[in-house]
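The structure appears below as structure tokens.
Each chain gets a letter, A, B and so on, in the order the sequences are listed, and its residues count up from 1.
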Protein chains: 2
Amino acid sequence: MADGYDELTGRVTIRTVAADAGVSVAAVSKVMRNAYGVSDALRLKVEASIEKLGYRPSVAARGMRGRTFTVGVLLVGIDNPFLPSIYQGIESVTEVSGYKIMVGVGAARARTEVTLIEQMIDNRMDGLILVASQIAGETLEHYARQIPTVVVGHHEPAALGYDTINNDDRMGAGLAVKAFLERGYRDIAFVFPTDDEDHSADVAPQREIGYRMAMAEAGLPARVLALPNYSAPREDRIRAILTAPDRPRAIFCWSDLDAIPLLDEARRLGLRLPDDLALIGYDNSPMAGLSVVDLTSVDQNGPRLGKLAAEALFTRMNGRTVAEHILIEPKLVRRGSL
Amino acid sequence: MADGYDELTGRVTIRTVAADAGVSVAAVSKVMRNAYGVSDALRLKVEASIEKLGYRPSVAARGMRGRTFTVGVLLVGIDNPFLPSIYQGIESVTEVSGYKIMVGVGAARARTEVTLIEQMIDNRMDGLILVASQIAGETLEHYARQIPTVVVGHHEPAALGYDTINNDDRMGAGLAVKAFLERGYRDIAFVFPTDDEDHSADVAPQREIGYRMAMAEAGLPARVLALPNYSAPREDRIRAILTAPDRPRAIFCWSDLDAIPLLDEARRLGLRLPDDLALIGYDNSPMAGLSVVDLTSVDQNGPRLGKLAAEALFTRMNGRTVAEHILIEPKLVRRGSL
DNA sequence: TGATTTACGTAGAACGGTGCACGATTCTGG
DNA sequence: CCAGAATCGTGCACCGTTCTACGTAAATCA
């Protein structure tokens, strides 16, 4: 097997190519990485052999010494309708750069996410984009020392070791409140997800702050209603909110994920939107645009977030060490629920 | 650096552990893989060091010789609401077995998917689960020779090199037609996705066959209406279908993905369901259950499909070579649209 | 008790790449 | 025309594991 071709597995290695092209292994490696010191003649020979043999470098072997040309993307969960647009934005950048993406799917639990991050480090990915991670900032700093990291949908403006890319959640909340006020609503509540873990850096608390600020500015009392995230009493709680005698006339909901069930139950109860209840969600998910749903929602511009995140990751992988914290402007998409 | 500890990266390697525990590198490796020939005393010593140092083996390095304990899951796209349930099923199996999952996201294009499969092979994953892949059976055979492979949502009952796990799409279509017939509908159309690529192994054509068979059995003429998949004339086509003078009274739609926009437009046009138009979709996606949507749909039991796929993959990775082709029974979930 | 077997632990060669150090050319400019 | 600088290509030592082959000590058997 002096030519590096393993007849058993049929695997073509860098040695197969080198033998076929009549050059050294190092030369082939150089061509692959288009490193310095390769003549056109050599390049052509090698590329011909690569093409002929269908050679693909082993990412595993590469990972042991050099780069893998792979970035890991960690998503909170797979069922969140907000993720595809961000993913798309990331992909639009990696696609042209020749980098590959590997996705890890968390289950909105910090423990799982930590495991996935470690897995990506162990796989020697070149960089990491964490989307809506639930992990504490301190822990993130720890991992970010081991691998270039960019975080999307998680506010950590003072982080030193990694970048954060977010939409301005406070401003988004402000847009929603302002829209209600313009239409004359005064009794405006905020629906907030309760959770077992504490994550003040997550987007929801930021939206709450924005809501409170806007309400205070208008001289109105804040009213925050909790809604359990996944547990069974969720539907009961929704019904309770909607049937309470002091039901708010307007609700700003931290996410479409909750706004849509809320809207759904409201319609079932015979409430007319926006006359009986005005509702604004967040994320402008595809479902919100259905005419049967017709939910007004704050749009974060997912593709842009993803694009910025990927771009930040690349500059970081190329040596930038000072952290960048980008905030982009959300905008309100008006529909029938307000 | 004789102890294997790299002070620069801070990375703990198998050598660090071996030095700390005062044993050989090979011994540590044995403990990690719980291989044969390890005394309790040795195991304890090594495990203590592993724990103390927080050692995690490098997947990249592992991939060069042995297994990576990672399986790749290739998903058609990230925005398909049918995928989370399957993924969940897969995860429920890998979770307890200590295997990790890496996800590749195709863009419903065979070219992209092929690249991702190669990437997973290059990453030395131990096995592959392809969900709703668009790749031709012949090509799949080629890759399946290089890595244990299980395919979900793609009918290839004669495949030799890989397993297929599916719900019985023909039966599912039959259930839908039968439900219409029971309610007295006779004018039943099938809405079918048109696509640039040809994929007779995909689920939609199977559903079409099931539909045609059930209609023939009832002595009724089949009526198939095409709907472009992503392109712009899509909305126009939906409107055309719904406003045509000979608009069908009942529509069986190959997927909720199309059924929901169809339903949405129907409501917008003032049609009442099921009186003016009866509609059944496929996949029973979360959206179908919203009371504002309230779409009757065929349920494939995604979690079960995922679970079976993962189990098949594990037996295959453990040496099984004869292909398995499993078909499970779908069931109709009745809601207001019929 | 001596001869096998069994159990345990180790040395060292892979695995498939990368990248440094270096030698051999070919280009420069004075 | 020659010294020095670019340019090009190669040899080889890694990277962090696995795993085969082998040595040694303890256990079992006749």
Reported CG-to-OG distance for the pair B/Leu83 and B/Ser85, which is rounded to 0.5 angstrom: 7.5 Å
Distance (rounded to the nearest 0.5 Å) between A/Ile50 CD1 and A/Thr16 OG1: 11.0 Å
Donor-acceptor pair, side chain of B/Glu156 and main chain of B/Thr164, under 3.5 angstrom: no
May I have the distance from [X] (atom [atom1]) to [N] (atom [atom2]), rounded to whole angstrom?
X: B/Arg11; N: D/dT17; atom1: CZ; atom2: C1'; result: 11 Å
X: A/Lys30; N: C/dG17; atom1: NZ; atom2: C1'; result: 15 Å
X: A/Arg124; N: C/dC15; atom1: CZ; atom2: P; result: 21 Å
X: B/Arg15; N: C/dT10; atom1: CZ; atom2: P; result: 14 Å
X: B/Asn123; N: C/dG16; atom1: CG; atom2: P; result: 15 Å

Salt bridge (charged side-chain N to carboxylate O under 4.0 Å, His left out) partners of residues 18-35 of chain A, not counting sequence neighbours, each pair once: A/Asp20-A/Lys52
Salt bridge (charged side-chain N to carboxylate O under 4.0 Å, His left out) pairs, two or more places apart, involving residues 302-323 of chain B: B/Asp163-B/Arg316, B/Asp163-B/Arg320, B/Lys307-B/Glu311, B/Arg320-B/Glu324
Which nucleotide in C/dT10, D/dT10, D/dG16 has an atom nearest any side-chain atom of A/Ala26: D/dT10
Toward the 5' end of DNA chain D, by each residue's nearest nucleotide, B/Phe69 or A/Gly22: A/Gly22
Side chains of B/His154 and B/Val203 in contact at under 4.5 Å (non-hydrogen atoms): no
Trace of the salt bridge (charged side-chain N to carboxylate O under 4.0 Å, His left out) decision for A/Asp122 with B/Arg11: CA-CA 10 Å; A/Asp122 298 344; B/Arg11 177 102 201 164; 3.2 Å; yes
Positions of residues 31-48 of chain A (non-hydrogen atom under 4.0 Å from DNA chain D), listed by number: A/Tyr36, A/Gly37, A/Val38, A/Ser39, A/Leu42
Strand contacts (DNA chain D) in residues 58-65 of chain B, 4.0 angstrom heavy-atom criterion: B/Ser58, B/Ala61, B/Arg62, B/Met64, B/Arg65
Phosphate contact (D/dG9 OP1 or OP2) by A/Ser24 side-chain N/O below 4.0 Å: no
Overall bend - the helix from C/dT1-D/dA30 to C/dG30-D/dC1, comparing terminal axes fitted on five pairs, nearest 10 degrees: 30°
Stepwise side chain to side chain contact (heavy atoms under 4.5 Å, CB included) check, B/Val105 with A/Val73: CA-CA 11 Å; B/Val105 179; A/Val73 174; over 6 Å; no
Pairs involving residues 14-71 of chain A, ordered by first then second residue, that meet ring-ring contact (aromatic ring centres under 6.0 Å, His included) (sequence neighbours left out): A/Phe69-A/Tyr99
Atom of B/Val17, atom of B/Ser49 and distance for their closest heavy-atom approach: CG1-CB, 4.0 Å
Identified side-chain contact (heavy atoms from CB on, under 4.5 Å) partner of A/Met125 from the options A/Met102, A/Lys100, A/Gln119: A/Met102
